[in-house]
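Step one of this worksheet: look at the structure below.
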Amino acid sequence: MTQTQPVPEPRSLNFIEEIMEADLASGKHQGRIGTRFPPEPNGYLHIGHAKSICINFGLAQKYGGSTNLRFDDTNPVKEDVEYVDSIREDVEWLGFRWAEEHYASDYFQQLYDYAEYLIQAGKAYVCDLTDEETREYRGNFHTPGKESPYRSRSVGENLDLFRRMRAGEFPDGARVLRAKIDVQSPNMNLRDPLMYRIRRVHHHRTGDAWPIYPMYDYAHGVSDAIERITHSICTLEFEDHRPLYDWFLNQDVEGRFFTRPLPRQIEFARLNLTHTVMSKRRLLLLVQEGHVTGWNDPRMPTICGLRRRGYTPESVRAFAERVGVAKRDMVADVSLLEHCIREDLEAQAPRAMAVLRPLKLVITNLTEGETHWLELPFHPEKTEMGTRKVPFTREIWIDQDDFREEAPKKWFRLAPGAEVRLRGAALVRCEGLVKDDSGQVVELHCTWDPGSLGGNAPDGRKVKGTIHWVSASHAVPAEVRLYEQLFTQEDPMDVPEGGDWRDFINPHSLEALTAQLEPSLASAKAGDRFQFERTGYFSVDPDSGSAALVFNRTVGLKDSWAKIESKG
RNA sequence: UGGGGAGUGGUCUAAUGGUAGGACAACAGAUUCUGAUUCUGUCAGGUGAGGGUUCGAUUCCUUCCUCCCCAACCA
């Protein structure tokens with residue numbers, strides 16, 4: 001027999017890989033690839049950043065290069081150390097290690113020196129216009145800008161003024177340093193952009209050493225060049241900043257500041273996800289207005305939220321890989337993310353039984369006090385994962401969802417007169433039920449077939465349904481949090497006139513239940529992941545104490561019965 | 001109305017002048033001690049529209065249309 005070898009079709013290259021491979025082939029950077037992930041420490045990372053992280057680190061890894069983590073901390077009024085720790089943690093959790101950790105603030109002196117150089121070259125000037133005046137002079141899409149009256153200051157005066165700005169002689173906002181490019185440019189970014197502003201605020205790294213702070217467009221490219229980044233990957237909205245990125249670096253005509261070849265900025269489409277919002281501002285509003293419990297609420301698309309929800313780093317990386325890299329605006333379907341975590345957990349997660357909405361079931365012909373200890377596998381296919389002991393007794397809990405007093409058609413589960421298998425245990429038939437005063441079914445009376453202990457009938461008869469259960473006397477109560485999409489609408493930003501995106505917040509995005517768990521789960525630790533058979537994947541919330549276990553539902557199992565039923 | 005980008009099934013993404021392919025979703029069936037998983041099959045786009053070049057166009061040219069980004073001393 002000849003084995004047909006599955007030919008692994010190599011994935012075609014995305015446009016960034018094509019650029020990198022071309023550069024590698026031409027020897028542009030002596031065959032070196034250097035990228036960086038440049039978060040501003042002013043918020044928590046979300047899954048959109050995860051995509052960027054995977055691209056930057058993943059590509060460098062693929063081509064034997066390295067990636068730096070660089071905090072873009074040029075605006076101390078918005079930034080805080082609180083965020084740098086969480087950012088580090090999130091990148092590491094995703095499974096990436098940076099070659100070097102830097103801060104744009106590490107380069108403040110070099111940035112300053114280069115700025116003086118630009119002034120001396122007549123490429124930058126100190127401008128005294130107020131911010132409103134500056135805006136006015138800049139013009140708009142329809143009208144070209146006007147030159148600032150300060151544009152023609154002498155080099156000597158500019159240098160003197162800039163040094164005094166640096167010395168802290170002027171109040172906040174009194175003057176700025178501007179690049180002298182072209183106030184009439186159709187590209188607004190080139191209309192003499194600001195390089196420095198005066199801000200006498202404490203910086204989380206440099207303290208009070210600097211009363212002036214560089215702007216992003218100036219600092220970013222220079223930082224890249226200093227670190228000898230080869231490919232500076234960012235999102236689409238920076239596309240028309242690229243001429244400016246190049247301009248700043250190209251002014252080093254004598255090559256005194258930067259090693260050539262200079263880094264190249266490449267833009268890709270940021271990730272959007274259905275049923276959620278992604279902007280820092282809106283995420284912050286969700287937190288501030290109490291729609292969620294915090295940045296790491298399991299419903300948030302933040303990395304810490306996904307982590308707490310029970311997502312694995314592998315699944316997030318797989319997702320980033322599958323959504324691809326391109327330049328068209330895109331909105332990925334959450335179902336793809338869910339597919340990725342199910343795929344990972346299906347293979348990894350040990351199985352256990354947990355009854356989410358308990359309904360008492362009494363096996364009338366099973367002797368009270370009689371306990372059958374069953375040994376059930378942690379994984380149906382992976383025997384190497386071992387087994388756990390599960391007690392089977394007269395009184396058990398089953399899920400309310402698994403009983404119907406009046407069985408609809410195609411109902412495989414329990415109903416009066418129906419026989420089902422208790423997973424891993426035995427066959428039981430429903431012989432009677434007990435209702436409370438309101439008519440609610442509160443207890444089921446069943447008989448079991450003792451010959452079916454272990455799960456199969458001695459006469460080989462088949463039952464269509466298998467349900468999960470937990471011995472009542474051994475059950476461990478726990479809080480279980482069921483999550484749904486945070487927004488009911490695919491695109492929460494698609495609001496009708498007079499509406500608000502918050503109108504689409506799903507009122508049922510969190511449902512907390514007291515569940516009954518099989519005893520093997522009692523020793524579960526924060527972060528442990530399980531498949532609760534027939535219901536979904538769950539992980540232990542860090543809120544869990546030894547006294548009270550808390551589980552988060554990461555994602556439900558696919559539910560084809562729900563589909564059948566919803567179709568009638 | 002200036003400038004910069006982008007248009008391929010419901011959603012992502014390939015095909016770089018030669019049969020429009022894959023993933024997710026959806027649908028149908030088989031297997032199953034999880035209505036899960038797995039497996040099989042189906043579905044659906046003639047590539048935003050028109051024109052042109054070509055034996056042949058998603059790919060080249062052209063006109064048009066639609067969508068996104070830019071007028072912070074934010075990044």
Side-chain angles (χ1 to χ4, degrees), chain A residues 9 11-14 18 38-40 42 72 74-75 77-79 127 129-131 134-135 138-145 172-178 185-191 193-199 213 215-217 219-220 234-243 267 269 271 274 280 319 321-340 342-343 346-347 351 353 376 380-381 410-413 420-425 427 454-456 462-468 490 531-536 556-565:
Chain A
E9 187 84 17
R11 179 177 63 72
S12 52
L13 303 179
N14 66 49
E18 279 173 3
E40 181 185 15
N42 73 341
D72 224 328
T74 55
N75 187 5
V77 312
K78 293 167 68 179
E79 294 149 8
C127 180
L129 256 24
T130 65
D131 55 349
T134 305
R135 209 172 308 137
R138 185 157 37 223
N140 56 40
F141 298 156
H142 315 293
T143 62
D172 285 11
R175 292 180 222 266
V176 295
L177 183 72
R178 291 231 249 168
S185 172
N187 181 346
M188 302 286 297
N189 296 116
L190 265 22
R191 320 246 265 225
L194 272 57
M195 293 171 63
Y196 274 93
R197 73 287 217 189
I198 301 173
R199 283 286 115 85
Y213 292 96
M215 303 288 290
Y216 166 86
D217 284 307
H220 200 88
C234 63
T235 43
L236 252 27
E237 67 270 27
F238 292 102
E239 212 148 16
D240 46 18
H241 291 235
R242 197 191 326 138
E267 312 85 12
L271 171 71
T274 58
K280 274 181 194 168
F319 173 70
E321 175 67 28
R322 288 187 203 202
V323 294
V325 180
K327 295 191 72 150
R328 40 207 290 222
D329 296 322
M330 55 93 77
V331 185
D333 202 308
V334 265
S335 67
L336 180 59
L337 216 211
E338 293 179 341
H339 168 80
C340 291
R342 284 198 191 100
E343 177 181 60
E346 157 62 28
R351 315 287 134 121
M353 290 195 283
L376 304 184
E381 273 112 50
K410 288 182 159 176
W411 179 256
F412 296 167
R413 282 113 98 149
V420 297
R421 173 166 34 238
L422 296 175
R423 162 127 258 226
L427 267 30
N456 286 311
K462 301 283 187 203
V463 292
K464 281 182 290 187
T466 297
I467 65 174
H468 57 282
E490 266 199 14
Q531 183 199 92
F532 288 173
E533 289 197 280
R534 303 209 317 129
T535 58
L557 255 29
K558 283 197 187 160
D559 188 352
S560 58
W561 164 248
K563 281 183 189 171
I564 292 168
E565 189 171 39

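In this text the structure is predicted, and so the values were computed from the model without any measurement. The sequence lines fix the lettering, A, B, ..., with proteins before strands; numbering per chain opens at 1.
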Is A:R322 touching bases, backbone alone, or none of the nucleic acid, heavy atoms closer than 4.0 Å?
-> sugar-phosphate
Side-chain heavy atoms of A:R413 within contact of A:W561, under 4.5 Å | yes
How would you label the glycosidic angle of B:G46: syn (within 90° of 0) or anti?
-> syn
For A:K563, which contact category applies under a 4.0 Å heavy-atom criterion: base, sugar-phosphate, or nothing?
-> sugar-phosphate
Does a donor on one side chain sit under 3.5 Å from an acceptor on the other, for A:S335 and A:D333?
-> yes
Is a donor-acceptor contact shorter than 3.5 angstrom present between the side chain of A:R534 and the base of B:G35?
-> no
Would you classify A:N456 as touching base, sugar-phosphate or nothing, given that sugar-phosphate means primed atoms plus P, OP1 and OP2, and contacts are heavy atoms under 4.0 Å?
-> base
Selected nucleotide, minimal atom distance to A:E346 side chain, candidates B:A36, B:C24, B:G35 = B:A36
Re B:U66: Watson-Crick or G-U wobble partner, both distances kept under 3.5 Å, found to be B:A6
Please work out if A:Y196 contacts a base, only the sugar-phosphate, or nothing of the nucleic acid, heavy-atom cut-off 4.0 Å.
-> nothing
After noting the C-alpha distance and the side-chain angles of A:T143 and A:N140, does the key distance pass the side chain to side chain donor-acceptor pair (under 3.5 Å) rule?
-> CA-CA 5 Å; A:T143 62; A:N140 56 40; 3.2 Å; yes
Just checking A:V323: base, sugar-phosphate only, or nothing, at a heavy-atom cut-off of under 4.0 Å?
-> sugar-phosphate
Grab the NZ-P distance between A:K558 and B:C27 for me, whole Å please.
-> 10 Å
Span that lies between the C1' atom of B:A14 and that of B:G21, in whole angstrom | 7 Å
Taking the C1' atom of each, how far is B:G17 from B:C60, in whole Å?
-> 8 Å
Looking at the side chain of A:D72, which of B:U1, B:C73, B:A75 is the nearest nucleotide?
-> B:A75
Rounding to the closest angstrom, what is the interatomic distance between B:G22 and B:U62 at atom C1'?
-> 33 Å
Who does B:A26 pair with, Watson-Crick or G-U, both distances under 3.5 Å?
-> B:U42
With both distances kept under 3.5 Å, what pairs with B:U54, Watson-Crick or G-U wobble?
-> none
Could you state the atom-to-atom distance from OH of A:Y213 to P of B:C74 in whole Å?
-> 13 Å
Please measure how far the C1' atom in B:A44 lies from the corresponding atom in B:U37, and state the result in whole Å.
-> 26 Å
Closest nucleotide among B:C70, B:U13, B:C73 to the A:A326 side chain | B:U13
Name the nucleic acid region contacted by A:L427, choosing base, sugar-phosphate or nothing; use a 4.0 angstrom heavy-atom cut-off, strictly under.
-> nothing
How is A:K327 classified with respect to the nucleic acid when contacts are heavy atoms under 4.0 Å: base, sugar-phosphate, or nothing?
-> sugar-phosphate
Is there side-chain contact between A:R178 and A:L129, with heavy atoms separated by less than 4.5 Å?
-> yes
Determine if A:H339 stacks with B:C24; use a centre-to-centre distance below 5.5 Å and an interplanar angle below 30° as the criteria.
-> no
Is the distance from OP1 or OP2 of B:U34 to the nearest side-chain N or O of A:R351 less than 4.0 Å?
-> no
Among B:U34, B:A15, B:G5, which is the nearest nucleotide to the side chain of A:E18?
-> B:A15
Please work out if A:E343 contacts a base, only the sugar-phosphate, or nothing of the nucleic acid, heavy-atom cut-off 4.0 Å.
-> nothing
So what does A:R421 touch, heavy atoms closer than 4.0 Å: a base, only the sugar-phosphate, or nothing?
-> base
Pick base, sugar-phosphate or nothing for A:V331, based on heavy-atom distances below 4.0 Å to the nucleic acid.
-> sugar-phosphate
Under 5.5 Å between ring centres and under 30° between planes: does that hold for A:F412 against the base of B:G35?
-> yes
Any donor-acceptor pair under 3.5 Å joining the side chain of A:N187 to the base of B:G4?
-> no
Grab the CZ-P distance between A:F141 and B:G3 for me, whole Å please.
-> 12 Å
Interatomic distance where CD belongs to A:E239 and C1' belongs to B:C68 [whole Å] = 10 Å
Looking only at atom C1', what distance separates B:A75 and B:A6, rounded to whole Å?
-> 23 Å
Against the side chain of A:Q531, the closest entry in B:C69, B:U34, B:C74 is B:U34
Indicate, with a heavy-atom threshold strictly under 4.0 Å, whether A:P39 touches base, sugar-phosphate, or nothing.
-> nothing
B:U63 to B:C68 separation - P atoms, rounded to the nearest Å = 24 Å
Let me know the distance between CZ of A:R199 and P of B:A72, rounded to the nearest Å.
-> 14 Å
Check the distance between B:A36's C1' and A:E338's CD and give it to me in whole angstrom.
-> 15 Å
Taking the same atom, P, in B:U16 and in B:A57, what whole-Å distance lies between them?
-> 15 Å
Which is true for A:V77 with a 4.0 Å heavy-atom rule: it touches a base, it touches only sugar-phosphate, or it touches nothing?
-> nothing
Rounded to whole angstroms, how far apart are CG on A:L194 and C1' on B:A72?
-> 10 Å
Take the angle between the ring planes of A:Y216 and A:H220 and call it parallel below 30°, perpendicular above 60°, tilted in between.
-> tilted
In whole Å, what separates the P atom of B:G5 from that of B:G9?
-> 23 Å
How would you label the contact of A:M353 with the nucleic acid (heavy atoms, under 4.0 Å): base, sugar-phosphate, or nothing?
-> nothing
Check every strand shown and say whether A:R413 touches a base, only sugar-phosphate, or nothing at a heavy-atom separation below 4.0 Å.
-> base
